[in-house]
Amino acid sequence: MNLEYFKNLHYSVIIKKRGNKFILLIWELGIVEEDESLEIAYRKVELEKEKYIQKMIEFGLQDEIIEPKKPRTKEPTLKRIFIANLASF
């Protein structure tokens, strides 16, 4: 398993809005990021996910990376949220 394998996995991203900030969480990896812009917060959480995976591979711990649960559809969760709920933010 290499970086490309893990980058192609689709982790669910939980989105909360507190005040004027969006908080995004990848529960399986324990990654949390926030920003006033949903797009920037998403970029941050994706960057941290990649850093986390790179570090785990670097230390030979790729077998310890928790893979996401299988989604009900092939479409990543965040894209479904964008389509369904972006107007409500």
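Owing to the predicted nature of the structure, the values given are computational and were not obtained by experimental measurement.
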Pairwise distance [atom1]([X]) to [atom2]([Y]) - rounded to 0.5 angstrom:
X	Y	atom1	atom2	answer
Tyr42	Leu24	OH	CG	9.0 Å
Leu47	Ile40	CG	CD1	13.0 Å
Asn20	Glu34	CG	CD	9.5 Å
Phe22	Glu36	CZ	CD	10.0 Å
Lys21	Asp35	NZ	CG	7.5 Å

Glu48/Lys44 salt bridge by N-O under 4.0 Å criterion: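 Glu48 and Lys44: not salt-bridged.
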
side-chain hydrogen bond (donor to acceptor under 3.5 Å, both in side chains) contacts touching residues 58-68 (sequence neighbours left out):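 Qualifying pairs: Tyr5-Glu67.
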
Verify same cluster id: Leu61, Ile66 (apolar side-chain graph, 4.5 Å):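 No, Leu61 does not connect to Ile66 through the hydrophobic network.
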
Of all heavy-atom pairs between [X] and [Y], which one has the smallest distance, and what is that distance?
X	Y	value
Ile14	Trp27	CD1-CB, 4.4 Å
Glu33	Ala41	CB-O, 4.1 Å
Ser12	Glu28	O-OE1, 4.4 Å
Pro68	Leu9	CD-CD1, 3.8 Å

Any residue meeting side chain to side chain contact (heavy atoms under 4.5 Å, CB included) with Leu3, in chain and number order, not counting sequence neighbours: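 Testing Leu3 for side chain to side chain contact (heavy atoms under 4.5 Å, CB included), a comparison that skips the adjacent residues, returns Lys7, Glu50, Ile53, Gln54, Ile57.
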
Validation row: Leu29, Ile65 side chains within 4.5 angstrom (heavy atoms):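 The answer is yes, as the side chains (C-beta and beyond) meet within the 4.5 Å cut-off.
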
